[in-house]
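Chain A is the first sequence line, chain B the second, and so forth, proteins listed ahead of strands; every chain is numbered from 1. A quick note: this is a predicted structure, and the numbers were derived from the prediction, not measured.
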2 protein chains.
Amino acid sequence: METNGEGALGLLGDPSRRAIFELLARHPCSVQELTDLLPISRPAVSQHLKVLKDGGLVVSRAEGTRRIYQLRPDGVTALRTWLDGVWQDALTGFQKQAEASTPGLEPDPNDHLNDEPEER
Amino acid sequence: METNGEGALGLLGDPSRRAIFELLARHPCSVQELTDLLPISRPAVSQHLKVLKDGGLVVSRAEGTRRIYQLRPDGVTALRTWLDGVWQDALTGFQKQAEASTPGLEPDPNDHLNDEPEER
DNA sequence: CGGTTCCGTTAGTGTTAGCTTACCGTTCGT
DNA sequence: ACGAACGGTAAGCTAACACTAACGGAACCG
């Protein structure tokens with residue numbers, strides 16, 4: 001279990017995992033519920049849950065024959081912590097740049113090599 | 001340009017991209033600098049920068065023959081916004097769960113509004 | 001007990017995505 | 001104008017990964 005925001009970000013890179021994450025944020029769910037709500041098969045959900053669990057973002061609790069999954073607060077906290085760190089660094093960076101007499105952000109006028117930015 | 005936290009999360013899923021992102025958070029960098037600091041080739045850095053730029057997380061500015069890349073504040077803000085949304089949902093979820101297992105603290109008998117299959 | 005539901009795991013497959021090599025345009029120095 | 005530094009792009013390969021299908025196990029119910 002990592003429990004650090006850096007690893008957690010890697011886990012949330014997958015869209016399906018993000019969807020599961022957001023669903024679990026609303027309320028705990030069983031695998032079956034998640035399967036009904038998502039456009040993927042049950043084993044796929046199960047695999048994603050395993051990844052999320054190993055990554056320390058969710059925990060599971062047995063309830064009869066089904067397993068209820070829910071978010072682990074520490075995981076979300078770690079994410080926020082990591083992002084806040086980067087955010088602070090960025091703020092000081094912006095401040096130093098502002099001192100360095102850069103009045104505004106120039107949109108790179110000599111960027112004729114790359115002025116077609118529409119690609120998925 | 002996406003400029004929404006959801007897409008940005010996908011971009012930061014890659015470790016190399018996270019590394020570039022964190023480096024740019026400290027101070028703006030040229031492609032050459034990033035290449036020297038990272039264990040990947042220069043074209044790889046360039047490709048990642050293109051992805052980050054299309055995703056609205058960074059901007060580039062021409063300076064002589066080199067391009068200086070730096071973070072775009074809106075991108076980081078979008079990330080925080082998305083994460084805060086999930087965080088709020090999770091908080092309410094935790095609260096409801098706490099109420100369900102802690103009698104007498106904050107009883108809310110009208111909690112049948114959400115479909116939580118509770119049977120033992 | 002047999003049947004059913006729910007779930008984890010494995011094997012197998014197809015697609016995606018990152019990395020490198022090579023090439024070319026642009027800008028600066030001499 | 002020539003050559004070097006800087007960097008974006010194309011083609012290709014390889015590895016990772018997300019998904020399905022199939023099997024097996026564990027808990028409820030009749």
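Here the CZ-CG distance, from A:F21 to A:L71, works out to 4.5 Å after rounding to the nearest 0.5 Å.
Remark: B:H48 is not in phosphate contact with C:dA17, judged by side-chain N or O atoms under 4.0 Å from OP1 or OP2. Within the 4.0 Å cut-off from OP1 or OP2 of C:dT9, not a single side-chain nitrogen or oxygen of A:Q47 is found. OP1 or OP2 of D:dT20 lies within a sub-4.0 Å distance of a side-chain N or O belonging to A:S41. Using a 4.0 Å cut-off, no side-chain N or O of B:T65 falls inside it from OP1 or OP2 of C:dT26. The phosphate of D:dC6 has neither OP1 nor OP2 within less than 4.0 Å of any side-chain N or O from B:S30. Side-chain N/O atoms of B:Y69 include none lying less than 4.0 angstrom from OP1 or OP2 on D:dC6.
Within a 6.0 Å radius of CZ in B:R66, no more than 12 heavy atoms belonging to other residues, nucleotides or ligands are found.
One atom, CG of A:D54, and another, P of C:dT9, lie 9 Å apart when rounded to the nearest Å. As rounded to whole Å, 11 Å separates atom P of C:dC6 from atom CD of A:E33. Protein atom CZ of A:R42 is 7 Å distant from nucleotide atom C1' of C:dC6, rounded to whole Å. Distance, A:E63 CD to C:dG8 P: 14 Å, rounded to whole Å. The nearest whole Å value for the distance from the CD1 atom in A:I20 to the P atom in D:dC19 is 8 Å. Atom C1' of nucleotide C:dC19 and atom CD1 of B:I40 are separated by 8 Å, given to the nearest angstrom. Nucleotide C:dC7 holds its C1' atom 11 Å from the CZ atom of A:R66, rounded to whole Å. In this entry the distance linking CG of B:L11 with C1' of C:dG18 reads 14 Å, nearest Å.
B:I68 and B:L52 fall into different hydrophobic clusters, where Ile, Leu, Val, Met, Phe, Trp and Tyr are joined by side-chain heavy atoms under 4.5 Å apart, directly or via other members.
Of the candidates C:dC19, C:dG18, C:dT21, C:dT21 carries the atom nearest the B:P43 side chain, counting heavy atoms from C-beta on.
Checking A:R17 against A:R67, the closest nucleotide of DNA chain D that is more toward the 5' end is the one next to A:R17.
Judged by distance alone, the side chain of B:R72 and the main-chain N or O of B:G56 form a donor-acceptor pair under 3.5 Å.
When each of B:R67, B:Q70, B:K50, B:K53 is paired with B:S60, the side-chain hydrogen bond (donor to acceptor under 3.5 Å, both in side chains) condition holds for B:K53 and for no other.
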